[in-house]
Amino acid sequence: MYVVAQNAASTVLTVFARSTDPTTAKSASTATFVTALVFNAAVFGIELAVFTLLRPYFKSIYEPRTYAAPPEKRIKTLTRNRFLWPIAVWRADYRAIISANGLDAYFFVRFLRVMCYTLVPIWIISWIVLLPLTSVNTRSPGFAGLDRFTFGNVEASKQARYAGHLILVYFFTFWILHNIRKEMRHFLITRQQHLIERSHSKSVQANTILITGIPRKYLTQDALFRLFNELPGGVKKIWINRDLKEIPDIYDRRLAACSKLEAGETKLLRTAVKLRLKALKEHNKAAKKSNASSTESTSPIAQAEIEVPESERPTHKLGFLGLFGEKVDTINWARKEIEECNRLLDEKRAKIRQDDERGSPEPTGLDDAVLDDAALDAEGNHRPSKEAKFRPQDVGQQAVGAVKGTVSDMAKGAEAIKERVVGSSAEGEYPPMNSAFITFNKQISAHLAVQVLAHHEPYRMSNRYIEVSPDDVIWSNLNMNPYEQKVRIAISWAATAALIIFWAIPVAFVGVVSNIHTVCATAKFLAWICKLPAPVVGIISGILPPVLLAVLMMLLPIVLRLLARFEGIPKYTGLELSLMNRFFIFQVVHSFLIVTLSSGIVASLHELLNNPTSVTMTLAQQLPQASTFFLTYIILQGLSGVAGGFLRIVPLVIYYVKLFLLGSTPRSVYGIKYGLGNVAWGTTFPGMTLLVVITLGYSIISPIINGLACATFFMFYMLYKYLFLYVYQQPSTTDTGGLFYPKALQHIFVGLYVQQVCLCVLFFLAKDENLKASAVPEGALMVVLIILTAGIHIIINNSYGPLLTALPLSLQHRTYSAPTIEARPHSPTTTDPESRSAQPSIEAENPALLPSSQDKPADADKLEKEEDEEGYGFAHPAASRPQRTVWIPKDSLGLGAKEKLECRERGIKVSDANAVMDESGKVDVSGYPPDLI
């Protein structure tokens, strides 16, 4: 969303540039608006024209999903006629996005579509009614140009016209609330249909839950099995997460070594090719001089060049950033590193399997002691009192006993704490963390498990997550104490609030730099800056501020994500959902509220200083004038922003730069050519919902914005429908099933509240020609509307909120149920061929269900790979995944085959499938990597 960040940067810079000079601190003039409209329209036309010309020639940028997406998700080319693409995009069914990119992308595009048709009647009616009310036969001092069509242009003697504003705000509010309710219903139906859809409901993701905050008593396979197996269908598999200590570091070392070996082998092959070309060139020159045939010595030359000299072999240094330390042969070092990591991982995974087998076969009854303090026993009878009669002579003995008991309890407590921290001997070298993944045989059981009370004590097993994918898990957040997590949440949101408040300081500094001439005139000690050469001053005031502000806007989502991760959220999609709210709050505060208030206050600063008692009247007149600035902002988004999204000039340049500079290995070439882009919902959605808040906030005050916003949302709808059908590929493992959509609908309420509160204040501040309140009834009715909106808001949340995440029991007959066998699950944390083959299976007991060789599908290898991935399940990658296959290209000299054989002799997986190096040393790929790990 670099366009949003860029536009936000220009927004804030414009505000500060206007606010630093009192003589120009007024609403954007009509001339400014017209200039912005003409300029952005020209940019829009030029960029779309360039896009129309370039699109057929750069499919890797403009239509990569026609060839690079998975075969089942590929789409036909947009159109063969380069000039008819707008019609093709218009006719494309946006519902096809569901199968192409999932529900998150579908609901984002639907949100734009819904806002478009929601604003159409608002646009038409407001222009028919409100524009004449505020401009015909009425004129207030200081209102000219576009400001004549704003709320404040109604004369003091004609404020009965405010009744029209009141009627329309009621109509618009209930129209928007109707659409919100309708969309919530559509969301629920669509999401529930997606969850019970056959291909999804069969997946491990749909039948697995993540539980955190599990008490020590239940941290065994058997204890969790007994607890959750009472649910329909029972438990299929259990993965208890363990503190793997150094194992992830070893796993990362092996991945790095595999990448290093791929780079080294490819560089070796390229060196051999270049040496052969050089030898052939010299041989041909010599042959021409001696008039001999060069073909007679081709074989000796080829054989000679297979042996690359030792000095030409790839090397690197082991120190910091490869700049310092011992210099080693890259290929030999990487092979030894992979061998060593394989050995270490095998040893440590064996210990983890032993720890799993050592788990307590029967859960102990430690928690039962909690019920001993109850007034009644299990039969409902009164428990006998444990209190003894008071005897003075026993006081001394009790005191001594209490001291001894306290010391003993402290010792036991210290031992318990030590055991909790370092793990007891029964837990082995890798103690279990307080979280686990549980897969059920029936999908409805997973949804029931996340809704029931799992434990009788506070915060125990209270955080449960459905629709979990292994790629979506934040493994470092799976061992957080529930009480610690509550404290972290409070700290995280407090830091977010402080960040939002104090973010104005660096932004203000950037704004000051952008108006450096005023700074030089005000602060005499900085006057030397303006005496610098004109180009330098121009760079400081014109180029530096946008760059600094763009950097700030890029850093903000990163910081907010870190704060969300600090909370202990265990899913990456959870981070994005949290970021969506945080970033939206920031956008509303900084890009809307502060801009609105500062524009109104600064524009009326002269009047307020001369006549402080007129503050209410002055603000009532000046605040609506800030709307013209947002008209310009909406135009910027709808024209330049949309056209830039179609043209994608930055991705186009980056693609070829990366291919030229970084396309050295088959894996890197594959990543550049076939790696499709995607969006981060945590920052993409707030950019659109901010436009909604701005539009609704000014829809009555400055109705011209309604038509511009409607056109803007329509163009964004066309843009993102094109992007999600032909360009982007969202990972299916990180799809939330549309959970961002209800949050976006909640953001619409923010726009309604802003609109209603502003109108309420403006009505109460309105004065007639006698300086008496003239719109008190309208203000009172706005208070009623605010209460009605809040009531409907609460009703919608209470009625739809419980249905957002989990499936209801009434749909159990349509959910997936796997065939079950009556056997206690053995679910090792690690996955190896022996443990997986030892588990009972339906097919083993029913030979008729086993596929024969004749029934084996054409893509059996792919299916087998998917089954292997499912077998790994939710075990940590470092504790389960095999070595990533080293991917090297085939070469014409046969040196690659020799290198591949040497790697395999040392137990290293290596392949040259779908990769080739031509005679000039250029690497290209024709398919997927040998593995996707």
Side-chain angles (χ1 to χ4, degrees), residues 107 110-111 114-115 117-119 121-122 125-126 129-130 151 162-192 451 493 577 580-581 584-585 587-589 592-593 596 685-686 688-701 703 706 709 738-766 775-806 808:
F107 278 116
R110 182 176 177 87
F111 179 79
V114 167
M115 291 312 306
Y117 76 69
T118 299
L119 288 173
I122 295 177
I125 295 174
S126 64
V129 177
L130 294 182
F151 182 92
Y162 285 151
H165 297 78
L166 178 67
I167 294 172
L168 287 191
V169 73
Y170 264 81
F171 172 76
F172 293 165
T173 298
F174 285 109
W175 165 245
I176 293 171
L177 292 176
H178 164 72
N179 283 297
I180 292 176
R181 180 187 174 278
K182 185 176 70 172
E183 287 307 304
M184 286 296 294
R185 176 175 174 79
H186 174 76
F187 164 76
L188 284 181
I189 295 174
T190 305
R191 174 174 168 81
Q192 290 170 356
Q451 299 179 79
W493 278 101
L577 287 166
M580 180 178 176
N581 284 336
F584 172 72
I585 295 172
Q587 292 271 56
V588 170
V589 171
F592 177 63
L593 295 180
T596 300
F685 253 117
M688 296 297 107
T689 53
L690 174 66
L691 295 180
V692 176
V693 173
I694 293 174
T695 302
L696 295 182
Y698 282 98
S699 61
I700 299 294
I701 295 175
N706 296 327
L739 290 180
F740 294 93
Y741 194 54
K743 287 183 176 290
L745 297 178
Q746 294 292 318
H747 293 178
I748 298 178
F749 279 101
V750 176
L752 289 176
Y753 292 136
V754 168
Q755 174 199 61
Q756 294 165 8
V757 170
C758 287
L759 279 175
C760 181
V761 172
L762 290 174
F763 281 140
F764 281 124
L765 292 178
V776 173
E778 288 88 344
L781 290 175
M782 285 305 304
V783 173
V784 173
L785 182 60
I786 293 173
I787 296 174
L788 288 175
T789 303
I792 296 174
H793 190 184
I794 293 172
I795 291 173
I796 290 177
N797 288 343
N798 287 343
S799 57
Y800 289 102
L803 300 171
L804 293 181
T805 304

Visitor: Quick check: Phe685 with Tyr741 (ring centres under 6.0 Å apart)?
Guide: no
Visitor: Evaluate the criterion side chain to side chain contact (heavy atoms under 4.5 Å, CB included) for residue pair Phe592 and Val754; output intermediate values, then yes/no.
Guide: CA-CA 10 Å; Phe592 177 63; Val754 168; 3.3 Å; yes
Visitor: Is it the case that Gln746 and Asn797 place a side-chain donor and acceptor less than 3.5 Å from each other?
Guide: yes
Visitor: Measure from the side-chain N and O atoms of Arg191 to the backbone N and O of Ala806, and report whether any donor-acceptor pair falls under 3.5 Å.
Guide: no
Visitor: Nearest heavy-atom pair of Thr789 and Leu752: which atoms, and what distance?
Guide: CG2-CD1, 4.4 Å
Visitor: Are Val693 and Ile748 side-chain neighbours, meaning at least one heavy-atom pair lies under 4.5 Å?
Guide: no
Visitor: Supply the atom-to-atom distance Leu785 CG to Met782 CE, rounded to the nearest 0.5 angstrom.
Guide: 5.0 Å
Visitor: Working to the nearest 0.5 Å, report the span between CH2 of Trp493 and CD1 of Ile585.
Guide: 4.5 Å
Visitor: Output all residues satisfying side chain to side chain contact (heavy atoms under 4.5 Å, CB included) with Asn179, sequence neighbours left out; order by chain, then residue number.
Guide: Tyr117, Thr118, Trp175, Lys182
Visitor: Identify the two heavy atoms, one from Phe764 and one from Val776, that lie closest to each other, and give their separation to 0.1 Å.
Guide: CE2-O, 3.9 Å
Visitor: Can you measure from CZ (Phe172) to CD1 (Ile700) and round to the nearest 0.5 angstrom?
Guide: 5.0 Å
Visitor: Restricting to non-hydrogen atoms, name the atom on Pro703 and the atom on Leu130 that form the minimum distance, rounded to 0.1 Å.
Guide: CG-CB, 3.8 Å
Visitor: Can you find a heavy atom in the side chain of Ile125 that is under 4.5 Å from one in the side chain of Asn706?
Guide: no
Visitor: What's the separation between atom OG1 in Thr173 and atom CG in Leu168, rounded to the nearest 0.5 Å?
Guide: 10.0 Å
Visitor: Holding to salt bridge (charged side-chain N to carboxylate O under 4.0 Å, His left out), I want the full list of residues that pass it with Glu183, two or more places apart in sequence or in another chain.
Guide: Arg110
Visitor: Step by step, would you call Met184 with Leu804 a side chain to side chain contact (heavy atoms under 4.5 Å, CB included)?
Guide: CA-CA 9 Å; Met184 286 296 294; Leu804 293 181; 3.8 Å; yes
Visitor: Please round to the nearest 0.5 Å and tell me the distance separating atom CG of Leu119 and atom CE of Met115.
Guide: 4.5 Å
Visitor: Do Pro808 and Gln192 come within less than 4.5 Å of each other through their side chains, counting heavy atoms only?
Guide: yes
Visitor: Nearest 0.5 Å please: distance from the CZ atom of Phe111 over to the CZ atom of Phe740.
Guide: 14.0 Å
Visitor: Tell me every residue that passes side chain to side chain contact (heavy atoms under 4.5 Å, CB included) with Leu781, counting only those two or more places apart in sequence or in another chain.
Guide: Leu166, Tyr170
Visitor: Name all residues meeting the side chain to side chain contact (heavy atoms under 4.5 Å, CB included) criterion together with Ile792; count only those two or more places apart in sequence or in a different chain, and write none if there are none.
Guide: Phe174, Leu177, Ile796
Visitor: Taking side chain to side chain contact (heavy atoms under 4.5 Å, CB included) as the test, write out the residues that go with Thr190, two or more places apart.
Guide: Leu103, Tyr106, Phe107, His186
Visitor: At their closest point, which heavy atom of Gly738 faces which heavy atom of Phe187, and how far apart are they?
Guide: O-CE1, 3.0 Å
Visitor: Stepwise, does the ring-ring contact (aromatic ring centres under 6.0 Å, His included) test hold for Phe151 with Tyr698?
Guide: CA-CA 9 Å; Phe151 182 92; Tyr698 282 98; over 10 Å; no
Visitor: So which heavy atom on Val783 is nearest to which on Cys760, and how close?
Guide: CG2-SG, 3.7 Å
Visitor: Which residues pass the ring-ring contact (aromatic ring centres under 6.0 Å, His included) test with Phe584, not counting sequence neighbours?
Guide: His747
